[in-house]
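Residue numbering restarts at 1 for every chain, and letters A, B, ... go by the order of the sequence lines. Here the structure is a predicted model, which is why all the values come from computation and not from measurement.
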Amino acid sequence: MSKGLPKRSEDYSLWYNELVKRADLAENSPVRGCMVIKPYGYAIWEKMQQELDRMFKETGHSNAYFPLFIPKSYLSKEAAHVEGFAKECAVVTHYRLKNDENGGGIIVDPEAKLEEELIVRPTSETVIWSTYKNWIQSYRDLPLLINQWANVVRWEMRTRLFLRTAEFLWQEGHTAHASKTEAVEETVRMLDVYAEFAETFMALPVIKGVKTENERFAGAEDTYCIEALMQDGKALQAGTSHFLGQNFAKAFDVKFQSKEGGLEYVWGTSWGVSTRLMGALIMAHSDDNGLVLPPNLAPNKVVVVPIYRSDEEKEQINEVTKEMISKLRKAGISVKYDDRDTHKPGWKFAEYELKGVPVRIAIGPKDLENGTVEVARRDTLEKSVIPLNEEFTTTISQLLEDMQANIYKKAHDFRAGMITKVESYEEFKSVLDKKGGFVLAHWDGTPETEEKVKDETKATIRCIPLDGEEEAGKCMVTGKPSKQRVIFARAY
RNA sequence: CGGGAUGUAGCGCAGUCCGGUAGCGCAUCUGGUUUGGGACCAGAGGGUCCCAGGUUCGAAUCCUGGUAUCCCGACCA
């Protein structure tokens, strides 16, 4: 393996691809567009899962599991939904293989054709709503708050590790409610959960907003989203929450008897985040030395590297280190002790930098003598020698908190500098090309104008921000009146 | 599905124009010296040169066909 990583400033996407591979997060699989998530990458995903799962449970949701295969007929029940997903579905047509009589190896047995073809889920609304029909009869069965952790398949033309793969892991929440108000509240509540997760754990500032008609989920009335900004100035949709209205209830005939005795269709929501968050995490914080992980999502918050010449020295260090590590662990800090003697300390330093471990503690003979350790923080690459005393654990704890805050602040400041208000289409184009980032502009609210901007500049409306101020203005393209600025950006 | 490129050791590549014993760096293994920022020396192992066919005394190299992957576009979380 060669040493340096490509520089972000020279080739951002090469830097990203190499980082994902070199930091042992994921690699390409034999199947085009699919990826193998390696143990270290999966460990980060597991941290994300843990926190999100906790937040879902705290907001009253339960996990369940629905099948991978969906009968073809289900998908077509909701018109907009099938329209949106038809072009990227993998289809199961047969259920058996056999040996080729002509010696051509193993072939699909033409005798074993399925009566009804099965779709590999691109998302689970259809199978879930067909099930909900049986689960819901009365207002007493509502709200129904279900989440599932699953894989889904969308046959994408062009793929990139984590950002867009043919198969990806995600969670999808699917809820049913007695009233529109409740369903909208749920949609927004889960959007808030995502935003809080992104900011608190991923140290990723996000903008909450509503998608335009063009960008809306197939089958939804409204799609809410959190949008994040990557270091190259491109936007990334980090999570979505959909208000489904009664669309799926009608398509799958899911009705309930209300308190008043009437028969009504239920109101639905669905919401999801995927392994794409891994891509967001990487692209938001990492640098030319490798991954930078916010402590709250790092599989190991601290790595300890002993430095020694003799076995005797190693023993002495082990003794001191053991106690230090046990104290750190008691304080809830995950620590990895790397005492392998197959690699030199310098090699380990570089390795853990590449892998983004927040804090590295090196301890050698000099430290033994002085009662100190060397502490290096990954976000700023600063090193300091500090005493291994009573306050040590608290110091490290505090350092990790500072780092979490610092990583967030850095991303936040970067984004602040990349939000630009523009008044004309000319200015818009120039900002997009010279600077990138989020561009705030007035828009006349029509899909045609959005389409035109997309064709001409490759920028799309990322969202209509929820906390945007009312501000009368004129559409930068058509000059028609607009009530509020929307966020344009080139996006992943 | 259009345009471009590339398939040679686990990884990254040279060799292909101009046919003649398959090479380099990293990684791996052995021995020794090392260990506070990716150590050094000595030695060793590892190849259907993407596949099939053709030309030739002889093909990684030339010809024909196939195939796979990557990049750039049209679609998407």
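OP1 and OP2 of rC11(B) both lie 4.0 Å or more from every side-chain N or O belonging to K21(A). Dashed line: the shortest gap from a side-chain N or O of R32(A) to OP1 or OP2 of rC70(B) is under 4.0 Å.
Looking at heavy-atom distances under 4.0 Å, Y492(A) makes no contact with the nucleic acid at all. Nucleic acid contact for D367(A): base, since at least one base atom lies under 4.0 Å from a heavy atom of the residue. Within the nucleic acid shown, K348(A) has no heavy atom closer than 4.0 Å to any nucleic acid atom. Here R160(A) lies out of heavy-atom contact (under 4.0 Å) with every strand. Among the atoms of the strands shown, none is found under 4.0 Å from any heavy atom of T240(A).
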Can I get a per-line list of side-chain donor-acceptor pairs under 3.5 Å for residues 190-198 of chain A, giving both atom names and the distance, sequence neighbours left out?
unit_1	atom_1	unit_2	atom_2	d
D192(A)	OD1	K208(A)	NZ	2.7
Y194(A)	OH	Q171(A)	OE1	2.5
Y194(A)	OH	G272(A)	N	3.0

Do any side-chain atoms of residues 375-383 of chain A form donor-acceptor pairs under 3.5 angstrom with protein atoms, and if so which ones, sequence neighbours left out?
unit_1	atom_1	unit_2	atom_2	d
R377(A)	NE	D379(A)	OD1	2.7
R377(A)	NE	T380(A)	OG1	3.3
R377(A)	NH2	D379(A)	OD1	3.4
R377(A)	NH2	D379(A)	OD2	2.6
R378(A)	NE	L291(A)	O	3.1
R378(A)	NE	E353(A)	O	2.8
R378(A)	NH1	D287(A)	OD2	3.0
R378(A)	NH2	D287(A)	OD1	2.7
R378(A)	NH2	G290(A)	O	3.2
R378(A)	NH2	L291(A)	O	3.2
R378(A)	NH2	E353(A)	O	3.4
D379(A)	OD2	N406(A)	ND2	2.7
T380(A)	OG1	E382(A)	N	3.3
T380(A)	OG1	E382(A)	OE1	3.2

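In terms of the ring-ring contact (aromatic ring centres under 6.0 Å, His included) criterion, W267(A) has no residue partners (sequence neighbours excluded). A search for side-chain contact (heavy atoms from CB on, under 4.5 Å) contacts involving L169(A) returns I37(A), Y42(A), W45(A), N151(A), T275(A), not counting sequence neighbours.
Comparing the C1' positions of rC70(B) and rG12(B) gives an interatomic distance of 15 Å, to the nearest angstrom.
Across every strand in view, rG73(B) sits in a pair with rC1(B) that passes the Watson-Crick or G-U test at under 3.5 angstrom.
In this structure, a donor-acceptor pair under 3.5 Å is absent between the side chains of S310(A) and E312(A).
For residues 198-237 of chain A, proximity to RNA chain B is found at Q237(A), defined as any non-hydrogen atom under 4.0 angstrom from a strand atom. Contact check of residues 275-312 of chain A against RNA chain B (heavy atom, cut-off under 4.0 Å) returns R276(A), I307(A), Y308(A), R309(A).
The one candidate from E125(A), E172(A), H242(A) that meets the side chain to side chain donor-acceptor pair (under 3.5 Å) condition with S270(A) is E125(A).
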